[in-house]
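Worksheet: the structure to be examined is printed underneath.
Remember, it's 1-based here, ligands and their atoms both numbered in the order they're listed.
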Amino acid sequence: MEEIWDQLVAYRTQHREVSIKELFKSDSGRFSAFSCSLEDMLFDYSKTSIDKESLKLLLCLAEESTLQQRRDAMFSGERINTTEQRSVLHTALRNRSNNPVYVAGRDVMPGINSTLAKMASFAEGIRAGDIRSASGSTFTDVVNIGIGGSDLGPSMSTLALAPFHDGPRTYFVSNVDGAHITDTLKDLNPVRTLIVVASKTFTTIETMTNARTALRWMRKELGEYAGSHFVALSSAHDRTDEFGIPSDRVFGFEDWVGGRYSVWGPIGLSLMLAIGSEKFSEFLQGAFEMDNHFRTTPFEHNMPVLLGLVGVWHHNICDYSSRAVLPYDQRLSRFSAYLQQLDMESNGKRVDLNGMGLRRFSGPIVWGEPGTNGQHAFYQLIHQGTEVVPCEFLVAANGFEANLSEHHELLLSNCLAQSEALMCGRSLEDVRLLLAEQGIEDPDGNLVAHRVFPGNRPSITLVYRKLTPSTLGRLIALYEHRVFVEGCLWNINSFDQWGVELGKQLASELLPLIKAGDGSQSKDGSTAGLLRTLDLLRRDVTV
Ligand code: F6P
């Protein structure tokens, strides 16, 4: 394994002067050799510096790693989340084959199917107006209260599938900042509002604080009936009971579903309420297709494997520290935020499976915004900055706005223009010619220098027919498995998240000091100073 890493680095060092443009010149079949498809979804990685030899080495790396063994162990329910002794089975939630999946000798499929059926019957009941509010009116609005995986998955997906949204209006509250819940509830009528408290643990402070605020808001109007406007998505039944949510309104799941992988089950209820159970099934089906592809396709044609290898090539071999996810698809505007949790919470690790310090970088920084908006904001840096940022473009061949095809054509041309510009750049000679044509004089070459684009900047593009529920399912599953592939190559546990604990613990220690306005006991000078300043400002005393 180490030998292959070394060979990759050596190969890159020897060939770093070969530009991507030159790779295309020397290989007329480059696009087909460096792209792969699954039905209508095409993944093009030809605009990267990977060539046949480096691809061979990357594939060797994958073969030599524990990827195959850990992939099979994941799908078959082994406890691959070793630091928490848990199976990792979000794939079982979308196992449309219904073949048994065992955890400690017990088939989990019957439980998954019955929860899904319970969700569908509840969602359809609300959508059809058969399940009504305490006062007998239909539920017109749903507020999902959750954070992290209990928010990002359903909120990103509900926005992504807006053209299929024919259920109640759906809102998402995540931030403990009172502004979030205030602004969300202010125009809603409690009589017609259903509150969905989404929290696997039912202890997350942000969610529970928002849920209690929502309960008070509901009680003002409905008094003792407030509880009947609440639903819980949680595996902590004792705590949902304590909160007063009737057990038939609790949708549970087990500890083998990680928060950031949980949209496929009960945490997806708000999405199901929005688009209906049939479309939700299509969403699961799409993910299931990607799972099958990942499980059975040889690595050289396997989309998540190749996407992971491209990521490793850029991050570890080319030393690029971040990746930008740039959907040319407005409805995927929360996709980068979603991926930030999926990728950075999973692979932001500094020790390997054995607790040993890593010898190379693990997860990169993931960021991004919808394409054309980004063009008018941060693309300057992407094109001409000193940092090389591998870009990941996502685009649908067709939009939903049939009467606005002109918009979609502009979107497509912008997307393709960006990856072309990144790769081809604009040379000194071309800029000189351009200035001359425009009659602009530049005797000391200053203007020319500012207008040169270095080019040779890598990007990948994912193209799909249309952003349907099944396409979205495939897309999310693709990125989930990519994260898994990269985690295997780095030999880390992608399924725990100990890094979020310390801040939570310190926040609870600081809370009494904030309440008391007391900075004297805090552990460091800066925190003490900040506490004192905040206390003065909170008491309206001039600092
Ligand atoms: O941020 C840590 C985390 O545990 C995430 O992994 C999870 O998605 C989020 O908090 C919410 O947790 P819960 O669903 O238990 O409220």
Side-chain angles (χ1 to χ4, degrees), residues 80-90 93 115 119 143-158 172-177 180-181 195-215 230-243 245 249-271 334-350 362-363 366 476 479-480 483-484 487 492-508:
I80 62 163
N81 175 358
T82 45
T83 59
E84 296 176 309
Q85 276 306 308
R86 287 179 185 166
S87 305
V88 174
L89 275 179
H90 47 284
L93 297 176
T115 304
M119 283 168 68
V143 179
N144 184 95
I145 297 180
I147 198 164
S150 300
D151 164 70
L152 287 161
S155 62
M156 179 277 286
S157 304
T158 304
F172 293 87
V173 173
S174 52
N175 203 320
V176 75
D177 183 338
H180 204 174
I181 192 143
I195 306 280
V196 176
V197 186
S199 176
K200 182 176 160 182
T201 54
F202 232 66
T203 55
T204 305
I205 194 86
E206 293 89 342
T207 300
M208 297 325 295
T209 306
N210 279 321
R212 282 192 294 271
T213 301
L215 185 61
F230 276 72
V231 167
L233 317 176
S234 180
S235 45
H237 293 264
D238 45 343
R239 297 195 190 102
T240 57
D241 265 3
E242 206 180 297
F243 193 90
I245 301 180
R249 292 284 174 91
V250 179
F251 300 84
F253 50 106
E254 297 191 46
D255 69 359
W256 35 258
V257 181
R260 53 195 176 275
Y261 298 89
S262 60
V263 67
W264 316 103
I267 294 294
L269 184 69
S270 303
L271 173 64
R334 296 291 291 156
F335 193 59
S336 319
Y338 172 79
L339 286 188
Q340 283 181 324
Q341 186 198 15
L342 177 65
D343 202 321
M344 293 161 84
E345 197 165 270
S346 298
N347 284 346
K349 306 289 162 65
R350 53 182 284 286
S362 61
V366 179
I476 301 174
Y479 272 90
E480 283 179 354
V483 165
F484 178 75
I492 58 180
N493 180 3
S494 303
F495 299 104
D496 61 10
Q497 58 284 318
W498 298 107
V500 299
E501 294 305 319
L502 180 60
K504 283 189 201 169
Q505 187 193 320
L506 293 182
S508 61

Heavy-atom proximity to atom 6 (O) of ligand 1 ranks first, among Lys504, Glu345, Gln497, for Glu345
- Query: For the side chain of Ser362 and the backbone of Asn347, is there at least one donor-acceptor N/O pair under 3.5 Å apart?
  - Reply: yes
Lys200 heavy atoms within 4.0 Å reach ligand 1 at atoms 13 (P), 14 (O), 15 (O)
- Non-hydrogen atoms of Gln341 versus ligand 1: any pair closer than 4.0 Å? yes
To atom 2 (C) of ligand 1, the nearest of Ile145, Asp151, Ile147, Val500 on a heavy-atom basis is Val500
Ligand 1 to Thr201, heavy atom cutoff 4.0 Å, flagged ligand atoms 13 (P), 15 (O), 16 (O)
Hey, can you tell me if Phe243 and Phe202 have their rings parallel, tilted or perpendicular (30° and 60° cut-offs)? perpendicular
Taken in chain and number order and not counting sequence neighbours, the residues that satisfy side-chain hydrogen bond (donor to acceptor under 3.5 Å, both in side chains) with Thr82 are none
In ligand 1, the atoms that come under 4.0 Å of a heavy atom of Gly259 are 8 (O)
Check your understanding: In terms of side-chain geometry, is the basic nitrogen of Glu501 or Lys504 positioned less than 4.0 Å from the acidic oxygen of its partner?
Key -> yes
Residue, atom and distance of the protein heavy atom nearest atom 14 (O) of ligand 1 read Ser150 OG, 2.6 Å
| Do the ring planes of Phe495 and Phe484 sit parallel (below 30°), tilted (30 to 60°) or perpendicular (above 60°)? | tilted
protein heavy-atom neighbour closest to atom 12 (O) of ligand 1 works out as Thr204 OG1, 3.5 Å
For Ser199, the ligand 1 atoms with a heavy-atom partner under 4.0 Å come out as 13 (P), 14 (O), 15 (O), 16 (O)
Those residues at least two apart in sequence (or on a different chain) that pass salt bridge (charged side-chain N to carboxylate O under 4.0 Å, His left out) with Asp241 are none
So CG of Asn144 and OG of Ser174: to nearest 0.5 Å the spacing works out to 9.5 Å
re atom 8 (O) of ligand 1, the protein heavy-atom contact at minimum distance is Gly149 N, 2.7 Å
